[in-house]
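Notes follow the structure.
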Amino acid sequence: MHEVIWHGRGGQGVVIAAQILAESAYLQGFKGVTSAPTFGPERRGAPLTASTRISDAPIRTFSQIERADIAVVLDPSLFGIVDILGSLKPGGLLLINTPQKADEVEIQGCFSIATLDAAAVAIRFHLLKEGAPMVNTPMLGVLSKASGLVSLDHLEKGLKWKLSGGAAATNIAALRAAYEETSIRKG
Amino acid sequence: MSNVQIMTGNSAAAWGAKLCKVQVVSAYPITPSTSVTETIANWVERGELKAEYVRVESEHSVMTVCISASTVGARVFTSTSSHGLLYMHEQLHWAAGSRLPIVLACVNRGVGAPWSIFNDQQDSIAQRDTGWIQIYCRDNQEIIDTVIQAYRIAEQVYCPVMVCYDGFVLSHTMMPVEIPDAEAVCRFLPPYKPHTILSPEDPRNINPVIFPWQRRDAEGVLRDGYMDMRWKLQHALEGSRDVVVKTCRDYAELFGRDHGGMLWTYKTDDAEVLLAGMGSIATEATMAADLLREGGIRAGVVGIRVYRPFPREEVREAFRNIPAIVVFEKNISYGYEGALCADIKAALYGAGIQTPVHNYIAGLGGRDVKASELAEATRSSLAAIAAGKKEQQTWLNCVTE
(Lines give C-alpha, C1' and ligand atoms only; values in the text may rest on other atoms or scores of the structure.)
Protein backbone atom coordinates (compact mmCIF):
# COMPACT_ATOMS: atom_id res chain seq x y z
CA MET A 1 0.00 0.00 0.00
CA HIS A 2 1.25 3.47 -0.91
CA GLU A 3 0.42 6.33 1.43
CA VAL A 4 0.55 9.97 0.39
CA ILE A 5 0.11 12.90 2.76
CA TRP A 6 -0.69 16.37 1.45
CA HIS A 7 0.34 19.46 3.44
CA GLY A 8 -1.22 22.79 2.58
CA ARG A 9 -3.50 25.51 3.81
CA GLY A 10 -7.28 25.74 3.68
CA GLY A 11 -8.30 27.01 0.23
CA GLN A 12 -5.25 25.67 -1.66
CA GLY A 13 -7.05 22.66 -3.10
CA VAL A 14 -5.35 20.11 -0.84
CA VAL A 15 -8.42 17.91 -0.51
CA ILE A 16 -9.20 18.03 -4.25
CA ALA A 17 -5.61 17.04 -5.08
CA ALA A 18 -5.88 14.02 -2.77
CA GLN A 19 -9.14 13.07 -4.51
CA ILE A 20 -7.82 13.45 -8.04
CA LEU A 21 -4.81 11.30 -7.21
CA ALA A 22 -7.12 8.59 -5.80
CA GLU A 23 -9.38 8.71 -8.85
CA SER A 24 -6.46 8.63 -11.27
CA ALA A 25 -4.93 5.67 -9.45
CA TYR A 26 -8.26 3.85 -9.66
CA LEU A 27 -8.45 4.55 -13.40
CA GLN A 28 -4.92 3.15 -13.70
CA GLY A 29 -6.12 -0.14 -12.23
CA PHE A 30 -5.47 0.08 -8.49
CA LYS A 31 -8.47 -1.68 -6.85
CA GLY A 32 -8.04 0.06 -3.50
CA VAL A 33 -7.96 3.84 -3.24
CA THR A 34 -9.09 6.19 -0.50
CA SER A 35 -8.74 9.90 -0.01
CA ALA A 36 -9.62 11.76 3.15
CA PRO A 37 -9.30 15.29 4.48
CA THR A 38 -8.04 15.98 7.98
CA PHE A 39 -11.11 15.04 9.97
CA GLY A 40 -12.69 18.10 11.50
CA PRO A 41 -13.40 21.76 10.88
CA GLU A 42 -11.63 23.55 8.04
CA ARG A 43 -10.57 27.19 7.91
CA ARG A 44 -9.19 29.16 4.98
CA GLY A 45 -5.46 29.75 5.41
CA ALA A 46 -5.03 27.35 8.33
CA PRO A 47 -2.58 24.45 7.95
CA LEU A 48 -4.32 21.23 7.01
CA THR A 49 -3.52 17.84 5.59
CA ALA A 50 -5.27 15.37 3.35
CA SER A 51 -4.28 11.83 2.56
CA THR A 52 -4.45 9.35 -0.30
CA ARG A 53 -4.00 5.61 0.06
CA ILE A 54 -3.37 3.51 -3.06
CA SER A 55 -3.30 -0.28 -3.10
CA ASP A 56 -3.74 -3.28 -5.41
CA ALA A 57 -6.46 -4.64 -3.06
CA PRO A 58 -9.48 -2.87 -1.55
CA ILE A 59 -8.42 -0.76 1.45
CA ARG A 60 -9.49 -1.85 4.93
CA THR A 61 -7.85 0.81 7.03
CA PHE A 62 -9.22 4.30 7.69
CA SER A 63 -6.91 5.40 10.49
CA GLN A 64 -4.76 8.50 10.15
CA ILE A 65 -1.51 7.97 8.24
CA GLU A 66 1.44 7.90 10.65
CA ARG A 67 4.32 7.96 8.20
CA ALA A 68 3.66 8.36 4.50
CA ASP A 69 5.68 7.11 1.54
CA ILE A 70 5.22 10.48 -0.13
CA ALA A 71 4.70 13.89 1.49
CA VAL A 72 3.56 16.73 -0.77
CA VAL A 73 4.05 20.30 0.42
CA LEU A 74 1.85 22.82 -1.35
CA ASP A 75 2.99 25.70 0.83
CA PRO A 76 6.70 25.89 1.81
CA SER A 77 5.86 28.35 4.62
CA LEU A 78 4.57 25.30 6.53
CA PHE A 79 8.12 24.08 7.25
CA GLY A 80 8.75 25.00 10.86
CA ILE A 81 5.00 25.20 11.61
CA VAL A 82 4.04 21.60 10.84
CA ASP A 83 6.24 18.54 11.43
CA ILE A 84 6.41 17.69 7.73
CA LEU A 85 9.52 15.52 7.90
CA GLY A 86 7.99 13.61 10.81
CA SER A 87 5.09 12.63 8.53
CA LEU A 88 7.45 10.91 6.08
CA LYS A 89 8.88 7.38 6.18
CA PRO A 90 12.66 7.01 6.09
CA GLY A 91 13.54 6.57 2.42
CA GLY A 92 10.37 8.35 1.39
CA LEU A 93 9.80 11.07 -1.13
CA LEU A 94 9.36 14.77 -0.30
CA LEU A 95 7.72 16.97 -2.94
CA ILE A 96 7.87 20.73 -2.43
CA ASN A 97 6.34 23.71 -4.19
CA THR A 98 9.31 26.11 -4.19
CA PRO A 99 11.26 28.21 -6.69
CA GLN A 100 14.42 26.35 -5.55
CA LYS A 101 15.83 23.43 -7.54
CA ALA A 102 15.91 20.14 -5.63
CA ASP A 103 19.70 20.38 -5.21
CA GLU A 104 19.38 23.86 -3.67
CA VAL A 105 16.93 22.77 -0.98
CA GLU A 106 18.70 22.84 2.37
CA ILE A 107 16.63 20.13 4.03
CA GLN A 108 18.76 17.11 4.87
CA GLY A 109 17.53 13.63 5.62
CA CYS A 110 17.16 10.08 4.45
CA PHE A 111 14.69 10.79 1.65
CA SER A 112 14.49 11.93 -1.97
CA ILE A 113 13.34 15.43 -2.82
CA ALA A 114 11.56 16.78 -5.88
CA THR A 115 10.70 20.43 -6.38
CA LEU A 116 8.81 22.66 -8.76
CA ASP A 117 7.93 26.35 -8.82
CA ALA A 118 4.31 25.25 -8.88
CA ALA A 119 3.05 28.76 -8.21
CA ALA A 120 4.83 30.03 -11.36
CA VAL A 121 3.37 27.17 -13.42
CA ALA A 122 -0.11 27.88 -12.04
CA ILE A 123 0.19 31.58 -12.91
CA ARG A 124 1.50 30.78 -16.40
CA PHE A 125 -1.57 28.62 -17.09
CA HIS A 126 -4.00 31.00 -15.34
CA LEU A 127 -4.84 28.48 -12.62
CA LEU A 128 -5.98 31.15 -10.22
CA LYS A 129 -8.65 31.19 -7.55
CA GLU A 130 -9.51 34.54 -6.01
CA GLY A 131 -6.16 35.82 -7.29
CA ALA A 132 -4.08 33.06 -5.71
CA PRO A 133 -2.24 30.43 -7.79
CA MET A 134 -3.73 26.94 -7.51
CA VAL A 135 -0.65 24.77 -7.10
CA ASN A 136 -2.42 21.46 -6.53
CA THR A 137 -2.57 20.29 -10.16
CA PRO A 138 1.09 21.16 -10.86
CA MET A 139 2.09 19.21 -7.73
CA LEU A 140 0.28 16.16 -9.14
CA GLY A 141 2.66 16.43 -12.11
CA VAL A 142 5.63 16.50 -9.71
CA LEU A 143 4.28 13.40 -7.95
CA SER A 144 3.94 11.51 -11.22
CA LYS A 145 7.44 12.44 -12.41
CA ALA A 146 9.22 11.78 -9.12
CA SER A 147 7.40 8.63 -7.99
CA GLY A 148 6.05 7.02 -11.16
CA LEU A 149 3.20 5.74 -8.96
CA VAL A 150 0.45 7.15 -11.18
CA SER A 151 1.22 7.93 -14.82
CA LEU A 152 0.77 11.32 -16.43
CA ASP A 153 -1.72 9.70 -18.80
CA HIS A 154 -3.94 8.51 -15.95
CA LEU A 155 -3.69 11.81 -14.08
CA GLU A 156 -4.99 13.46 -17.26
CA LYS A 157 -7.88 10.99 -17.29
CA GLY A 158 -8.49 11.73 -13.60
CA LEU A 159 -8.60 15.47 -14.27
CA LYS A 160 -11.05 14.93 -17.14
CA TRP A 161 -13.21 12.78 -14.84
CA LYS A 162 -13.25 15.46 -12.16
CA LEU A 163 -13.35 18.73 -14.11
CA SER A 164 -15.44 20.23 -16.89
CA GLY A 165 -14.03 20.59 -20.43
CA GLY A 166 -12.36 24.01 -20.31
CA ALA A 167 -10.99 23.64 -16.80
CA ALA A 168 -9.73 20.14 -17.59
CA ALA A 169 -7.79 21.36 -20.67
CA THR A 170 -5.97 24.15 -18.74
CA ASN A 171 -5.20 21.85 -15.83
CA ILE A 172 -3.86 19.16 -18.14
CA ALA A 173 -1.57 21.70 -19.84
CA ALA A 174 -0.26 22.82 -16.44
CA LEU A 175 0.13 19.18 -15.35
CA ARG A 176 2.30 18.39 -18.39
CA ALA A 177 4.46 21.49 -17.91
CA ALA A 178 4.91 20.62 -14.23
CA TYR A 179 5.96 17.10 -15.14
CA GLU A 180 8.63 18.42 -17.53
CA GLU A 181 9.97 21.09 -15.17
CA THR A 182 10.24 18.96 -12.01
CA SER A 183 13.74 18.77 -10.54
CA ILE A 184 14.73 15.71 -8.52
CA ARG A 185 17.42 14.91 -5.94
CA LYS A 186 17.75 11.22 -5.12
CA GLY A 187 18.15 10.49 -1.42
CA MET B 1 -21.76 -2.00 -17.36
CA SER B 2 -20.67 -1.18 -13.86
CA ASN B 3 -20.76 2.42 -12.75
CA VAL B 4 -18.02 2.96 -10.18
CA GLN B 5 -17.38 6.37 -8.67
CA ILE B 6 -14.94 7.42 -5.99
CA MET B 7 -17.21 8.88 -3.34
CA THR B 8 -17.66 9.70 0.33
CA GLY B 9 -19.92 7.75 2.66
CA ASN B 10 -22.30 10.69 2.68
CA SER B 11 -22.56 10.65 -1.13
CA ALA B 12 -23.17 6.90 -0.97
CA ALA B 13 -26.06 7.39 1.47
CA ALA B 14 -27.57 10.14 -0.70
CA TRP B 15 -27.26 7.94 -3.81
CA GLY B 16 -28.99 5.10 -1.98
CA ALA B 17 -31.94 7.36 -1.16
CA LYS B 18 -32.08 8.66 -4.74
CA LEU B 19 -32.13 5.17 -6.24
CA CYS B 20 -35.02 4.29 -3.89
CA LYS B 21 -36.90 7.30 -5.33
CA VAL B 22 -37.68 8.75 -1.92
CA GLN B 23 -40.61 11.15 -2.09
CA VAL B 24 -40.18 13.29 1.01
CA VAL B 25 -36.89 14.36 2.58
CA SER B 26 -36.59 16.54 5.63
CA ALA B 27 -33.40 17.43 7.45
CA TYR B 28 -31.70 19.93 9.68
CA PRO B 29 -27.96 20.24 8.98
CA ILE B 30 -25.47 18.88 11.50
CA THR B 31 -21.82 17.83 11.11
CA PRO B 32 -20.80 15.30 9.87
CA SER B 33 -24.11 14.33 8.22
CA THR B 34 -24.78 17.64 6.46
CA SER B 35 -23.60 16.74 2.97
CA VAL B 36 -26.02 13.79 2.75
CA THR B 37 -29.10 15.95 2.56
CA GLU B 38 -27.19 18.85 0.95
CA THR B 39 -26.56 16.51 -2.00
CA ILE B 40 -30.21 15.48 -2.07
CA ALA B 41 -31.36 19.12 -1.85
CA ASN B 42 -29.28 19.83 -4.97
CA TRP B 43 -30.88 16.96 -6.86
CA VAL B 44 -34.37 18.10 -5.84
CA GLU B 45 -33.60 21.71 -6.84
CA ARG B 46 -32.31 20.62 -10.26
CA GLY B 47 -35.28 18.32 -10.82
CA GLU B 48 -33.12 15.19 -10.81
CA LEU B 49 -35.08 13.73 -7.93
CA LYS B 50 -38.83 14.23 -7.76
CA ALA B 51 -39.16 14.70 -4.03
CA GLU B 52 -40.50 17.21 -1.59
CA TYR B 53 -37.63 18.68 0.46
CA VAL B 54 -39.03 20.07 3.69
CA ARG B 55 -36.93 22.58 5.63
CA VAL B 56 -37.72 22.86 9.33
CA GLU B 57 -36.26 24.48 12.43
CA SER B 58 -35.05 21.41 14.32
CA GLU B 59 -34.43 17.68 14.20
CA HIS B 60 -37.49 17.07 16.35
CA SER B 61 -39.58 18.61 13.57
CA VAL B 62 -37.61 16.66 10.96
CA MET B 63 -38.79 13.38 12.42
CA THR B 64 -42.32 14.79 12.79
CA VAL B 65 -42.33 15.58 9.06
CA CYS B 66 -41.03 12.08 8.31
CA ILE B 67 -43.76 10.53 10.46
CA SER B 68 -46.52 12.63 8.85
CA ALA B 69 -45.31 11.98 5.30
CA SER B 70 -44.89 8.26 5.91
CA THR B 71 -48.38 8.12 7.42
CA VAL B 72 -49.94 9.53 4.25
CA GLY B 73 -48.07 7.01 2.15
CA ALA B 74 -44.79 8.63 1.07
CA ARG B 75 -41.38 6.96 1.09
CA VAL B 76 -39.30 9.21 3.34
CA PHE B 77 -35.64 9.72 4.16
CA THR B 78 -33.57 11.77 6.55
CA SER B 79 -30.08 11.94 7.92
CA THR B 80 -28.57 13.28 11.11
CA SER B 81 -25.83 12.89 13.73
CA SER B 82 -25.19 13.17 17.44
CA HIS B 83 -27.23 15.92 19.11
CA GLY B 84 -29.55 16.01 16.11
CA LEU B 85 -30.41 12.37 16.67
CA LEU B 86 -30.78 12.92 20.42
CA TYR B 87 -33.11 15.83 19.77
CA MET B 88 -35.26 13.45 17.69
CA HIS B 89 -35.39 10.91 20.48
CA GLU B 90 -39.04 11.38 21.43
CA GLN B 91 -40.16 11.22 17.80
CA LEU B 92 -37.99 8.13 17.16
CA HIS B 93 -40.20 6.30 19.66
CA TRP B 94 -43.25 7.75 17.93
CA ALA B 95 -42.08 6.55 14.50
CA ALA B 96 -41.45 3.01 15.72
CA GLY B 97 -44.67 2.91 17.74
CA SER B 98 -46.59 4.00 14.64
CA ARG B 99 -44.83 1.19 12.70
CA LEU B 100 -43.65 3.53 9.95
CA PRO B 101 -40.92 2.37 7.51
CA ILE B 102 -38.79 5.50 7.74
CA VAL B 103 -35.10 5.19 6.82
CA LEU B 104 -32.61 7.42 8.64
CA ALA B 105 -28.89 7.61 7.91
CA CYS B 106 -27.13 8.13 11.23
CA VAL B 107 -23.65 9.50 10.65
CA ASN B 108 -22.14 8.47 13.97
CA ARG B 109 -20.63 11.22 16.10
CA GLY B 110 -19.80 11.66 19.78
CA VAL B 111 -22.14 13.40 22.19
CA GLY B 112 -21.48 16.44 24.43
CA ALA B 113 -20.68 17.74 26.94
CA PRO B 114 -18.00 18.70 26.11
CA TRP B 115 -18.62 19.40 22.42
CA SER B 116 -17.15 17.01 19.92
CA ILE B 117 -17.87 16.87 16.23
CA PHE B 118 -15.81 13.70 15.88
CA ASN B 119 -16.77 10.08 15.53
CA ASP B 120 -17.96 7.49 17.99
CA GLN B 121 -21.20 5.52 18.22
CA GLN B 122 -22.64 6.88 21.46
CA ASP B 123 -25.40 8.70 19.55
CA SER B 124 -27.04 5.69 17.91
CA ILE B 125 -26.34 3.34 20.83
CA ALA B 126 -28.24 5.84 23.01
CA GLN B 127 -31.26 5.21 20.70
CA ARG B 128 -31.00 1.44 21.01
CA ASP B 129 -34.30 1.00 22.82
CA THR B 130 -36.51 3.15 20.57
CA GLY B 131 -37.75 0.21 18.48
CA TRP B 132 -35.69 1.02 15.37
CA ILE B 133 -33.75 -1.60 13.44
CA GLN B 134 -30.06 -0.59 13.52
CA ILE B 135 -27.56 -1.62 10.83
CA TYR B 136 -23.85 -0.65 11.03
CA CYS B 137 -21.84 -0.32 7.81
CA ARG B 138 -18.16 -1.11 7.39
CA ASP B 139 -17.40 0.83 4.17
CA ASN B 140 -19.02 3.15 1.64
CA GLN B 141 -20.16 0.37 -0.70
CA GLU B 142 -22.07 -1.15 2.17
CA ILE B 143 -23.69 2.23 2.90
CA ILE B 144 -25.31 2.63 -0.54
CA ASP B 145 -26.34 -1.04 -0.63
CA THR B 146 -27.70 -0.95 2.92
CA VAL B 147 -29.85 2.15 2.37
CA ILE B 148 -31.50 0.30 -0.53
CA GLN B 149 -31.92 -2.87 1.53
CA ALA B 150 -33.23 -0.80 4.46
CA TYR B 151 -36.31 0.32 2.52
CA ARG B 152 -37.19 -3.23 1.55
CA ILE B 153 -36.77 -4.43 5.14
CA ALA B 154 -38.62 -1.47 6.66
CA GLU B 155 -41.56 -1.64 4.25
CA GLN B 156 -41.93 -5.39 4.75
CA VAL B 157 -41.88 -5.46 8.56
CA TYR B 158 -43.25 -1.92 9.12
CA CYS B 159 -40.39 -0.84 11.35
CA PRO B 160 -38.10 2.15 10.86
CA VAL B 161 -34.45 1.47 10.03
CA MET B 162 -31.38 3.43 11.11
CA VAL B 163 -28.42 2.94 8.76
CA CYS B 164 -25.40 3.83 10.90
CA TYR B 165 -21.89 4.63 9.67
CA ASP B 166 -18.89 6.31 11.26
CA GLY B 167 -18.66 10.09 10.92
CA PHE B 168 -15.61 11.42 9.05
CA VAL B 169 -13.98 7.96 9.03
CA LEU B 170 -16.49 6.87 6.35
CA SER B 171 -18.67 9.93 5.83
CA HIS B 172 -15.76 12.07 4.57
CA THR B 173 -13.42 9.39 3.17
CA MET B 174 -13.70 8.75 -0.57
CA MET B 175 -13.39 5.23 -1.93
CA PRO B 176 -14.64 3.28 -4.94
CA VAL B 177 -18.39 2.67 -4.82
CA GLU B 178 -20.38 0.86 -7.49
CA ILE B 179 -23.69 2.63 -8.04
CA PRO B 180 -26.37 0.00 -8.65
CA ASP B 181 -28.43 0.20 -11.82
CA ALA B 182 -31.55 2.30 -11.19
CA GLU B 183 -33.92 -0.09 -12.96
CA ALA B 184 -32.54 -3.06 -11.08
CA VAL B 185 -33.17 -1.20 -7.81
CA CYS B 186 -36.79 -0.68 -8.92
CA ARG B 187 -37.13 -4.42 -9.51
CA PHE B 188 -35.57 -5.15 -6.10
CA LEU B 189 -37.69 -2.67 -4.18
CA PRO B 190 -41.47 -2.89 -4.67
CA PRO B 191 -43.55 0.28 -4.15
CA TYR B 192 -44.32 1.23 -0.54
CA LYS B 193 -47.72 0.02 0.63
CA PRO B 194 -48.69 1.85 3.84
CA HIS B 195 -50.46 -0.21 6.52
CA THR B 196 -52.89 2.66 7.05
CA ILE B 197 -53.52 5.56 4.72
CA LEU B 198 -54.53 8.83 6.25
CA SER B 199 -56.48 10.86 3.72
CA PRO B 200 -59.27 13.45 3.78
CA GLU B 201 -61.63 10.95 2.07
CA ASP B 202 -61.12 8.45 4.86
CA PRO B 203 -60.61 10.41 8.07
CA ARG B 204 -59.44 8.48 11.12
CA ASN B 205 -57.90 9.03 14.49
CA ILE B 206 -54.41 7.53 14.64
CA ASN B 207 -52.52 6.94 17.90
CA PRO B 208 -55.11 8.28 20.36
CA VAL B 209 -54.73 7.77 24.10
CA ILE B 210 -54.80 4.05 24.70
CA PHE B 211 -55.74 2.16 27.85
CA PRO B 212 -53.83 -0.57 29.65
CA TRP B 213 -56.48 -3.11 28.78
CA GLN B 214 -58.01 -4.27 25.49
CA ARG B 215 -61.34 -2.69 24.58
CA ARG B 216 -63.95 -2.58 21.86
CA ASP B 217 -63.91 0.27 19.34
CA ALA B 218 -66.97 2.10 17.95
CA GLU B 219 -67.67 -0.82 15.56
CA GLY B 220 -67.50 -3.29 18.44
CA VAL B 221 -64.16 -4.80 17.37
CA LEU B 222 -61.88 -5.79 20.28
CA ARG B 223 -58.72 -3.67 20.01
CA ASP B 224 -55.26 -4.05 21.50
CA GLY B 225 -54.28 -2.30 24.67
CA TYR B 226 -50.91 -0.53 24.98
CA MET B 227 -48.99 -3.59 26.10
CA ASP B 228 -50.35 -5.79 23.31
CA MET B 229 -49.16 -3.24 20.80
CA ARG B 230 -45.71 -3.11 22.45
CA TRP B 231 -45.48 -6.91 22.14
CA LYS B 232 -46.28 -6.63 18.44
CA LEU B 233 -43.42 -4.17 17.97
CA GLN B 234 -41.04 -6.49 19.83
CA HIS B 235 -42.33 -9.46 17.80
CA ALA B 236 -41.87 -7.49 14.56
CA LEU B 237 -38.26 -6.62 15.40
CA GLU B 238 -37.45 -10.18 16.48
CA GLY B 239 -39.09 -11.45 13.29
CA SER B 240 -37.31 -8.96 11.06
CA ARG B 241 -34.07 -11.00 11.22
CA ASP B 242 -35.41 -13.44 8.60
CA VAL B 243 -36.36 -10.50 6.37
CA VAL B 244 -32.91 -8.94 6.84
CA VAL B 245 -31.19 -12.20 5.87
CA LYS B 246 -33.45 -12.83 2.86
CA THR B 247 -33.14 -9.22 1.70
CA CYS B 248 -29.36 -9.45 1.87
CA ARG B 249 -29.39 -12.75 -0.05
CA ASP B 250 -31.74 -11.42 -2.75
CA TYR B 251 -29.60 -8.31 -3.06
CA ALA B 252 -26.47 -10.43 -3.49
CA GLU B 253 -28.18 -12.41 -6.25
CA LEU B 254 -29.23 -9.30 -8.13
CA PHE B 255 -26.21 -7.06 -7.54
CA GLY B 256 -23.41 -9.51 -6.72
CA ARG B 257 -22.55 -8.11 -3.30
CA ASP B 258 -23.31 -9.99 -0.06
CA HIS B 259 -22.73 -7.94 3.08
CA GLY B 260 -23.51 -10.84 5.39
CA GLY B 261 -27.09 -10.46 6.64
CA MET B 262 -27.02 -10.12 10.45
CA LEU B 263 -23.24 -10.40 10.83
CA TRP B 264 -20.13 -11.05 8.76
CA THR B 265 -16.98 -13.00 9.49
CA TYR B 266 -13.35 -12.77 8.44
CA LYS B 267 -10.87 -15.69 8.73
CA THR B 268 -12.88 -17.30 11.54
CA ASP B 269 -12.63 -20.96 10.45
CA ASP B 270 -9.42 -21.91 12.27
CA ALA B 271 -9.36 -18.95 14.69
CA GLU B 272 -8.05 -19.17 18.26
CA VAL B 273 -9.23 -15.63 19.05
CA LEU B 274 -12.04 -13.55 17.57
CA LEU B 275 -12.14 -9.76 17.45
CA ALA B 276 -15.66 -8.31 17.35
CA GLY B 277 -16.97 -4.85 16.55
CA MET B 278 -19.46 -2.76 14.58
CA GLY B 279 -18.79 -0.40 11.68
CA SER B 280 -15.38 0.83 10.60
CA ILE B 281 -13.59 -0.41 13.73
CA ALA B 282 -14.49 -3.95 12.61
CA THR B 283 -12.97 -3.21 9.18
CA GLU B 284 -9.81 -2.02 10.95
CA ALA B 285 -9.93 -5.23 13.01
CA THR B 286 -9.57 -7.31 9.82
CA MET B 287 -6.19 -5.59 9.31
CA ALA B 288 -5.35 -6.37 12.94
CA ALA B 289 -6.26 -10.04 12.34
CA ASP B 290 -3.84 -10.11 9.40
CA LEU B 291 -1.10 -8.61 11.59
CA LEU B 292 -1.78 -11.15 14.35
CA ARG B 293 -1.64 -14.02 11.86
CA GLU B 294 1.72 -12.77 10.59
CA GLY B 295 2.87 -13.11 14.20
CA GLY B 296 1.55 -16.66 14.51
CA ILE B 297 -1.75 -15.93 16.29
CA ARG B 298 -4.75 -17.32 14.41
CA ALA B 299 -7.12 -14.35 14.71
CA GLY B 300 -10.46 -13.74 12.99
CA VAL B 301 -13.14 -11.05 13.05
CA VAL B 302 -16.89 -11.05 13.61
CA GLY B 303 -18.52 -7.83 12.43
CA ILE B 304 -21.93 -7.27 13.97
CA ARG B 305 -23.91 -5.72 11.10
CA VAL B 306 -27.39 -5.63 12.59
CA TYR B 307 -27.36 -4.55 16.24
CA ARG B 308 -31.14 -4.42 16.69
CA PRO B 309 -32.63 -6.94 16.40
CA PHE B 310 -29.56 -8.48 18.03
CA PRO B 311 -28.21 -11.52 16.13
CA ARG B 312 -28.52 -13.84 19.12
CA GLU B 313 -28.34 -17.17 17.25
CA GLU B 314 -25.69 -16.00 14.78
CA VAL B 315 -23.49 -14.74 17.63
CA ARG B 316 -23.77 -18.10 19.42
CA GLU B 317 -22.87 -19.90 16.22
CA ALA B 318 -19.93 -17.60 15.44
CA PHE B 319 -18.38 -17.77 18.91
CA ARG B 320 -19.29 -21.33 19.90
CA ASN B 321 -15.87 -23.00 19.73
CA ILE B 322 -13.58 -20.03 20.23
CA PRO B 323 -11.21 -19.90 23.23
CA ALA B 324 -11.08 -16.08 23.45
CA ILE B 325 -13.23 -13.11 22.41
CA VAL B 326 -12.15 -9.47 22.31
CA VAL B 327 -14.83 -6.82 21.69
CA PHE B 328 -13.79 -3.39 20.42
CA GLU B 329 -16.43 -0.68 20.43
CA LYS B 330 -16.91 3.07 20.18
CA ASN B 331 -19.49 3.51 22.93
CA ILE B 332 -19.83 3.05 26.65
CA SER B 333 -22.90 2.23 28.71
CA TYR B 334 -21.79 4.35 31.66
CA GLY B 335 -21.60 2.43 34.89
CA TYR B 336 -21.33 -0.93 33.14
CA GLU B 337 -19.44 -1.72 29.93
CA GLY B 338 -19.60 -1.37 26.15
CA ALA B 339 -23.13 -2.05 24.93
CA LEU B 340 -22.02 -4.59 22.32
CA CYS B 341 -19.88 -6.52 24.81
CA ALA B 342 -22.78 -6.77 27.26
CA ASP B 343 -25.10 -8.02 24.50
CA ILE B 344 -22.63 -10.60 23.20
CA LYS B 345 -22.08 -11.95 26.71
CA ALA B 346 -25.84 -12.14 27.31
CA ALA B 347 -26.32 -14.09 24.06
CA LEU B 348 -23.56 -16.56 24.99
CA TYR B 349 -25.04 -17.10 28.47
CA GLY B 350 -28.21 -18.63 27.02
CA ALA B 351 -26.13 -21.21 25.10
CA GLY B 352 -23.95 -22.03 28.11
CA ILE B 353 -20.83 -20.68 26.42
CA GLN B 354 -18.23 -19.77 29.06
CA THR B 355 -15.60 -18.17 26.82
CA PRO B 356 -13.66 -15.24 28.32
CA VAL B 357 -14.78 -11.93 26.77
CA HIS B 358 -12.53 -8.87 27.01
CA ASN B 359 -13.90 -5.42 26.27
CA TYR B 360 -12.03 -2.48 24.77
CA ILE B 361 -13.62 0.96 24.67
CA ALA B 362 -11.88 2.69 21.75
CA GLY B 363 -11.95 5.74 19.53
CA LEU B 364 -14.34 7.88 21.59
CA GLY B 365 -14.67 11.43 20.28
CA GLY B 366 -12.67 10.58 17.16
CA ARG B 367 -9.51 9.27 18.84
CA ASP B 368 -7.64 7.46 16.08
CA VAL B 369 -7.79 3.65 16.15
CA LYS B 370 -4.99 1.84 14.35
CA ALA B 371 -4.91 -1.82 13.35
CA SER B 372 -1.56 -2.20 15.13
CA GLU B 373 -3.17 -1.01 18.37
CA LEU B 374 -6.05 -3.49 18.02
CA ALA B 375 -3.51 -6.27 17.41
CA GLU B 376 -1.46 -5.27 20.45
CA ALA B 377 -4.59 -5.09 22.62
CA THR B 378 -5.58 -8.58 21.46
CA ARG B 379 -2.11 -9.93 22.34
CA SER B 380 -2.33 -8.45 25.83
CA SER B 381 -5.82 -9.90 26.32
CA LEU B 382 -4.63 -13.35 25.22
CA ALA B 383 -1.89 -13.17 27.84
CA ALA B 384 -4.39 -12.11 30.51
CA ILE B 385 -6.83 -14.85 29.48
CA ALA B 386 -4.02 -17.44 29.65
CA ALA B 387 -3.41 -16.19 33.19
CA GLY B 388 -7.06 -16.83 34.03
CA LYS B 389 -8.64 -13.39 33.66
CA LYS B 390 -12.10 -14.10 32.24
CA GLU B 391 -13.31 -10.55 31.83
CA GLN B 392 -11.60 -7.19 31.55
CA GLN B 393 -12.52 -3.68 30.49
CA THR B 394 -9.80 -1.49 28.98
CA TRP B 395 -9.99 2.03 27.58
CA LEU B 396 -7.69 1.86 24.58
CA ASN B 397 -5.10 4.60 24.26
CA CYS B 398 -6.61 6.58 27.11
CA VAL B 399 -5.26 8.28 30.23
CA THR B 400 -6.91 6.35 33.04
CA GLU B 401 -5.10 7.61 36.11
Checklist entry - Under the side-chain contact (heavy atoms from CB on, under 4.5 Å) criterion, do A:Y26 and B:M174 qualify, and how do the steps go? => result CA-CA 12 Å; A:Y26 184 80; B:M174 297 181 106; over 6 Å; no

Checklist entry - Mind checking which of residues 273-282 of chain B sit less than 4.5 Å from chain A, heavy atom to heavy atom? => result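 Contacts with chain A: B:S280.
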
Interatomic spacing from [atom1] in [X] to [atom2] in [Y] - rounded to 0.5 Å:
| X | Y | atom1 | atom2 | answer |
| --- | --- | --- | --- | --- |
| A:T61 | B:D290 | OG1 | CG | 11.0 Å |
| A:Q64 | B:K370 | CD | NZ | 6.5 Å |
| B:I6 | A:K162 | CD1 | NZ | 9.0 Å |
| B:M7 | A:E23 | CE | CD | 10.5 Å |
| A:F62 | B:H172 | CZ | NE2 | 15.0 Å |
| B:M287 | A:S63 | CE | OG | 8.0 Å |

Item to check | For chain A, the option from B:D139, B:V369, B:T286 that forms the most heavy-atom pairs under 4.5 Å | outcome: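 Looking at each option in turn, the highest pair count goes to B:T286.
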
Checklist entry - For chain A, which of B:E284, B:R138, B:M175 has the most heavy-atom pairs under 4.5 Å? => result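 When all of B:E284, B:R138, B:M175 are compared, B:E284 has the most.
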
Checklist entry - Heavy atoms under 4.5 Å from chain B: which residues of residues 108-142 of chain A carry them? => result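 Within residues 108-142 of chain A, near chain B: nothing under 4.5 Å.
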
Checklist entry - So with a 6.0 Å cut-off around CD of A:E66, is the heavy-atom count from everything else above 12? => result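 No, because the 6.0 Å sphere around CD of A:E66 holds 12 heavy atoms or fewer from other groups.
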
